[in-house]
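Structure, as structure tokens:
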Protein chains: 2
Amino acid sequence: MDDEDPIRLSAPAELPGEDTQAHRFGRAREAQATAVTEDYVELIDDLVTTGGEARPTDIARRLGVAHATAIKTIARLKRDGFAVSRPYRGVFLTEQGRELACRVRARHRLVVEVLTTLGVPEEVAEADAEGIEHFVSPATLAAFSAFLDRRDR
Amino acid sequence: MDDEDPIRLSAPAELPGEDTQAHRFGRAREAQATAVTEDYVELIDDLVTTGGEARPTDIARRLGVAHATAIKTIARLKRDGFAVSRPYRGVFLTEQGRELACRVRARHRLVVEVLTTLGVPEEVAEADAEGIEHFVSPATLAAFSAFLDRRDR
DNA sequence: TGCAAAATGAAGCATAGGCTACAAATTGCG
DNA sequence: CGCAATTTGTAGCCTATGCTTCATTTTGCA
Ligand SMILES: [Mn+2]
Ligand SMILES: [Mn+2]
Ligand SMILES: [Mn+2]
Ligand SMILES: [Mn+2]
């Protein structure tokens, strides 16, 4: 059926269709647009669960951004219904925020586990996963899960 | 050795150190910052190789963005030494651009191959890889390569 | 050959997500 | 208790990356 062309060193034998390619890039742009939100809700949920509260300063320090940046992003989270907060009180997730945090954390862990299973060193896996996680679709997550199950037993 | 805590449903037993976590997020932000550049040079190289030239309009259509957006991004590529172009002529990569395109393409392919090997459907793998690729470090790439070698034989 | 269509470029606008600098509120401690 | 340190908030600035609109240049074809 597919007669493999000889491998070229510098370019694909054929490009995908324009629409197909545009769609792929569009999907990646959409995923990127939610990445920051996902990281914040996951972190806030972690902080609240382990320490009882999530202060803007702590959030900023853990993300490695200026506190003013964190505060502005938190304002967007509130605007979009993921969090609530009152002046000088910590930030808390809404039901919608907790739901997102839960999914995001599960996905993050699964990505890390797949990476380490493939032989990626723990710390590298954690670092790479911080970016990779946002682009892993449900179908890929399912495949990851099945792969780990297959391996475990 | 590592006495596993009982799995918690909603939060990690312990958070990573602040500095560690900040460093991971910072790495992801850096990778993100180069993602658009990487996609453009890979695409331009593909277009030039398969069609002899890369016109702004074609680039825009394949990326799914307005032509004005592509033109502005191309200006950045030129500013940063990855491409050259003269008015109304196609865009061409510099040596630096080709070098980047080559690395980026190899990485893209390796990511897709690993995903499909793990059981991710071809088209999903291509779509997810478009985002994932930008966050895969050299160490992870090496692990991916080793994994595929192991499997192939 | 001349003109309409297509491609290219420029300008202006918006949002996200960074930053620094400064102001105000809260906390905690001597 | 009162003041200094910390935290929080605000304002203003920047770049990247989108967009639409309009002008200009090229191209292709009748
Ligand atoms: Mn992340
Ligand atoms: Mn994460
Ligand atoms: Mn990509
Ligand atoms: Mn790619």
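We name chains A, B, ... by the order of the sequence lines, and we start the count at 1 in each one.
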- Task: With B:Phe25 as reference, evaluate A:Val65, A:Leu63, A:Val36 under the side chain to side chain contact (heavy atoms under 4.5 Å, CB included) test and give the passing residue.
- Result: A:Leu63
- Query: Does the gap between the ring centers of A:Phe135 and B:Phe135 come in under 6.0 Å?
  - Reply: yes
- In short, A:Glu133 meets A:Asp39 closest at the heavy-atom pair OE2-OD1, 3.1 Å
- Whichever of B:Pro56 and A:Pro87 has its nearest DNA chain C nucleotide further upstream toward 5': B:Pro56
- Separation of C:dG9 atom C1' from B:Arg55 atom CZ, nearest Å, is 14 Å
- Item | Salt bridge flag under 4.0 Å for residues A:Arg98 and A:Glu95 | yes
- For nucleotides 14-25 of chain C, read 5' to 3', which letter fits each nucleotide if B means a protein heavy atom sits under 4.0 Å from the base, S means only the sugar-phosphate is that close, and - means neither? --SSBBB---BS
- For B:Arg61 and C:dA6, give me the distance from atom CZ to atom C1', rounded to whole Å. 11 Å
- Within the distance-only criterion (no hydrogens, no angle test), does the side chain of A:Thr116 pair as donor or acceptor with the backbone N or O of A:Glu113 below 3.5 angstrom? yes
- Task: Would you check if B:Gln21 and B:Pro16 make a side-chain contact, meaning some heavy-atom pair closer than 4.5 Å?
- Result: yes
- Salt bridge flag under 4.0 Å for residues A:Arg24 and B:Glu123: yes
- Message: Taking any atom closer than 4.0 angstrom to a non-hydrogen atom of chain A, what span of DNA chain D does the protein reach, first nucleotide to last?
- Response: D:dT7 to D:dG18
- Note on the structure: In short, A:Gly81 meets A:Gln96 closest at the heavy-atom pair O-OE1, 3.2 Å
